[in-house]
Amino acid sequence: MSNCSGKKAKPLPISVGALSDFYSRVYALCRHIPEGRVTSYGAIAKFLGAARSSRMVGYAMNNSFNEQGVPAHRVVNRLGMLSGKHHFPGSTLMQDLLENEGVPILNDRVQNFDQYFWNPADHLDPKDF
DNA sequence: AGCGTGACGTATA
DNA sequence: TTATACGCCACGC
């Protein structure tokens, strides 16, 4: 790629400021989601004290491919649906990743969702974020 | 600079 | 119970 030829080449969608702080918190939290478990955008938002900004969590995940060790596939919506699957390469990667961890998926939805749901508030200390 | 959109979720009707 | 409305706010056009 010719990213060295003059153009500013905006490397990161986010750079500085409060937004990146929020994103960073989202990523830090996500790194604690255990294999074989899932959580939701809303649960993350609530845990981070932004209960009404769950959309921003989704936006953060959209950018998570720039990050390391962030299991974006373990974040689903509050009904256990794989609402982010179209943002993964291929059409079944998100589902495949989850099934490889033992999370059963049917029709883009986590089966027995409450059994696999991992609530950050039950396992993490808000003071650490 | 304004408008529509969206990996969401809750509140009303 | 299903259907809209709306809060949220970064981002692309």
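Base pairing analysis places C:dG7 opposite B:dC8; the two distances defining the Watson-Crick or G-U wobble pair are each below 3.5 Å.
Rounded to a whole angstrom, the distance from the P atom of C:dC8 to that of B:dA1 is 23 Å. A distance of about 23 Å separates the C1' atoms of C:dA3 and B:dA7, rounded to the whole Å. Here the separation of C:dA5 from B:dG4, taken at their P atoms, is 15 Å to the nearest Å.
With rounding to whole Å, A:M61 atom CE is found 19 Å from C:dC9 atom P. In this entry the distance linking NZ of A:K85 with P of B:dA7 reads 13 Å, nearest Å. Atom CZ of A:R52 and atom C1' of C:dG7 are 8 Å apart (whole Å). If you take CG of A:N62 and P of C:dC11, they are 10 Å apart, rounded to a whole angstrom. Atom-to-atom, CG of A:N63 to C1' of B:dG6 comes out at 15 Å; the value is rounded to the nearest Å. With rounding to whole Å, A:I44 atom CD1 is found 10 Å from B:dA7 atom C1'. The distance from atom CZ of A:F22 to atom C1' of C:dC9 is 11 Å, rounded to the nearest whole Å. As a whole-Å value, the separation of A:L97 CG from B:dA7 C1' is 15 Å.
Within a 6.0 Å sphere centred on CG of A:N107, other residues, nucleotides and ligands contribute 12 heavy atoms or fewer.
A:F65 and A:F88 have their aromatic ring centers within a separation under 6.0 angstrom. Residues A:Y27 and A:H32 keep their aromatic ring centres 6.0 Å or farther apart.
Scanning both residues, A:M56 and A:Y23, for their nearest heavy atoms gives O-CE1, 4.2 Å. Across all their heavy atoms, A:S40 and A:V75 have their closest contact at C-CG1, 4.1 Å.
Looking at A:F113 and A:V38, their side chains come closer than 4.5 Å, going by heavy atoms from C-beta outward. A:H87 places none of its side-chain heavy atoms less than 4.5 Å from the side chain of A:M94.
In this model, the phosphate group of B:dC8 is approached by a side-chain N or O of A:S83 to a distance below 4.0 Å at OP1 or OP2.
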Check nucleotides 9-13 of chain B against the protein and report each pair of N or O atoms closer than 3.5 Å, with its distance, or say if there are none.
residue : atom : partner : partner atom : Å
B:dG9   : OP1  : A:G42   : N            : 2.9
B:dG9   : OP1  : A:R78   : N            : 3.3
B:dG9   : OP2  : A:R78   : N            : 2.8
B:dG9   : O4'  : A:S54   : OG           : 3.3

